[in-house]
Undergrad: 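This structure is in structure tokens; I'll ask about it shortly.
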Number of protein chains: 2
Amino acid sequence: MTTGTDAPRRTRIQQEKRELILEAALEVFSTNGFRGSTIDQIAEAAGMSKPNLLYYFRRKEDIHETLMQRLLDTWLAPLRELDDIGDPLTELRSYIRRKLEMARDFPRESRLFANEILQGAPRIMPLLAGELKTLVDEKAAVIKGWMRAGKIARTDPWHLIFSIWATTQHYADFDVQVRAVLGPNRGGDGRFEDAARFLEQLFLEGLKPKG
Amino acid sequence: MTTGTDAPRRTRIQQEKRELILEAALEVFSTNGFRGSTIDQIAEAAGMSKPNLLYYFRRKEDIHETLMQRLLDTWLAPLRELDDIGDPLTELRSYIRRKLEMARDFPRESRLFANEILQGAPRIMPLLAGELKTLVDEKAAVIKGWMRAGKIARTDPWHLIFSIWATTQHYADFDVQVRAVLGPNRGGDGRFEDAARFLEQLFLEGLKPKG
DNA sequence: CAAATTTTTGACCGATTGGACAAACGTTAG
DNA sequence: CTAACGTTTGTCCAATCGGTCAAAAATTTG
């Protein structure tokens, strides 16, 4: 055992080409969904022929599966970093900010994930009920601790996490709608900063006027 | 002029069958997306043969288009009802509640809409930049009035509306994930009431502990 | 009733799909 | 050089797709 991993041994070309395909597939899958995407589209986006693509990934589903596995790791990273050290409100604020930055910088990943969930998560259901639930339960316990200590208001930690996911991912998944409604001026590059400011106030202070 | 509408004249059977098809198509489109759905699937769900379905809707896209037109009317109804009479905080609270009820009672409609937006809204883009933007701008002005009057805290009204959309529709679009994370106990029928309680507190009070 | 009209279906079509396969091409080691 | 191996492509295939069409069946109309 020299490599230390059980991953299949790949040549340099294989690594590069597989990466190229995954990048192209992310683009295609995230905008057309799994069934709405064709191998030809992915192959063309990757600059190679269909049989050539199938040399690196035997089935269309293999590409999607590889993409999903990588996605979940990076996608949940911000939540994993949420921990007990530091001020709770600051911790939550920076979690929200980081999630919003991911929506801004990785909208395709967000849409890929949204597509999968929308269609009933047929391919990652076990992960949701397993790994994801475990992680969320763990972080919900941390948040509950903050509430007991009087550091933040008492609410439902699970729905708090949901609302952070929903509000931040909205700017990736519904980007077209957001830009259409905001119009050319307010819908420009500054919209993420506006969103960050708004979300910070919403989650910290709510809408009640200051007494 | 006896009918008062310019809709094509239809027999009783046509009305019934068209309704049957639209109901079936809503089910199929909302879970598979437009490109991911086949006419055969819709026909089978509607309990008729494919050529028979095509007798009522000439093209697959016609079904989707009809579905979308109906959807937008009912979908924006809660926002239309938001107006200047009554207490602002109460008004917003009841808007959130109504949107959450729609996510609970019409999840398929929500997913149909989400699917369309996710894929770049190719079929309803003009509506977003036109009718929808106008409506939102109008309501944003109302909310701004409330802020000037000191009735609610000053924030960005557009992003406030986005956050209400995002948090409520999350319980329809990401229902699978919500139920998986909450587990069998907390993920049962009571999850919408929990969500309602949480969202009310979030939007009114935020997370800061009471002084 | 019978004629006219509407509704339903089986058979079919061209286009596109995911995927297989063998042959050709390129690269490298001896 | 040549043999071995990794890479690329043209061609092909069966299945599925959206949609057509003529004819049969059912319904409505007179």
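Numbers restart at 1 for each chain; the letters A, B, ... are given by sequence-line order, proteins then strands. Predicted, not measured: the structure shown is a model, and the values here were computed from it.
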Undergrad: At 4.0 Å (heavy atoms only), tell me whether I39(B) reaches a base, stays on the sugar-phosphate, or touches nothing.
TA: sugar-phosphate
Undergrad: For dC21(D), take OP1 and OP2 only and decide whether either is under 4.0 Å from a side-chain N or O of Y55(B).
TA: no
Undergrad: Could you tell me whether the phosphate oxygens of dT7(D), OP1 or OP2, come under 4.0 Å of any side-chain nitrogen or oxygen in N52(A)?
TA: no
Undergrad: Just how far, in rounded Å, is C1' of dA15(D) from CG of D40(B)?
TA: 12 Å
Undergrad: For the pair made of CD in E44(A) and C1' in dT9(D), what is the distance, rounded to whole Å?
TA: 16 Å
Undergrad: Answer yes or no: side-chain N or O of K50(B) and base N or O of dG19(D) forming a donor-acceptor pair under 3.5 Å.
TA: yes
Undergrad: Could you state the CG-P distance from L53(B) to dC17(D), rounded to the nearest angstrom?
TA: 14 Å
Undergrad: Mapping R35(B) and G47(A) to their closest nucleotides on DNA chain D, which lands nearer the 5' end?
TA: G47(A)
Undergrad: Checking all strands, does F57(A) fall into the base, sugar-phosphate, or nothing category for heavy-atom contacts under 4.0 angstrom?
TA: nothing
Undergrad: Expressed as a whole number of angstroms, how long is the span from I42(B):CD1 to dG18(D):C1'?
TA: 11 Å
Undergrad: Just N and O in the side chain of R18(A): are any of them under 4.0 Å from OP1 or OP2 of dT7(D)?
TA: no
Undergrad: Within this structure, what is the CD1-to-C1' distance between I21(A) and dT7(D), rounded to whole angstrom?
TA: 12 Å
Undergrad: I'd like to know if the side chain of Q41(B) and the backbone of T38(B) have a donor-acceptor N/O pair within less than 3.5 Å.
TA: yes
Undergrad: Taking K139(B) first and then D83(B), would you say they form a salt bridge - that is, a charged N and a carboxylate O separated by under 4.0 Å?
TA: no
Undergrad: For Y56(B) and dG19(D), what is the distance between atoms OH and C1' respectively, to the nearest whole Å?
TA: 18 Å
Undergrad: Which residues satisfy the salt bridge (Lys or Arg N to Asp or Glu O under 4.0 Å) test with D62(A), sequence neighbours excluded?
TA: R59(A)
Undergrad: Atom CE of M48(B) and atom C1' of dA25(D): how far apart are they, to the nearest Å?
TA: 16 Å
Undergrad: Treating R93(A) as the side-chain partner and L89(A) as the backbone partner, does any N or O pair qualify as donor plus acceptor under 3.5 Å?
TA: no
Undergrad: Would you say Q14(A) reaches dT7(D)'s phosphate, i.e. side-chain N/O to OP1/OP2 under 4.0 Å?
TA: yes
Undergrad: Tell me, please, which residues at least two apart from E101(B) pass salt bridge (Lys or Arg N to Asp or Glu O under 4.0 Å).
TA: none
Undergrad: Can you pull the contact range of chain A along DNA chain C, 5' to 3', using atoms under 4.0 angstrom from its heavy atoms?
TA: dT17(C) to dC21(C)
Undergrad: Check whether R191(A) reaches the backbone of R179(A) with its side chain - one donor and one acceptor, N or O, closer than 3.5 Å.
TA: no
Undergrad: Which nucleotide, dG19(D), dC17(D), dC21(D), lies nearest any side-chain atom of T38(B)?
TA: dC17(D)
Undergrad: Check R70(B) with E19(B), please: is the shortest side-chain N to carboxylate O separation under 4.0 Å?
TA: yes
Undergrad: Under 4.0 Å: is that the gap between some side-chain N or O of K17(A) and OP1 or OP2 of dT8(D)?
TA: yes
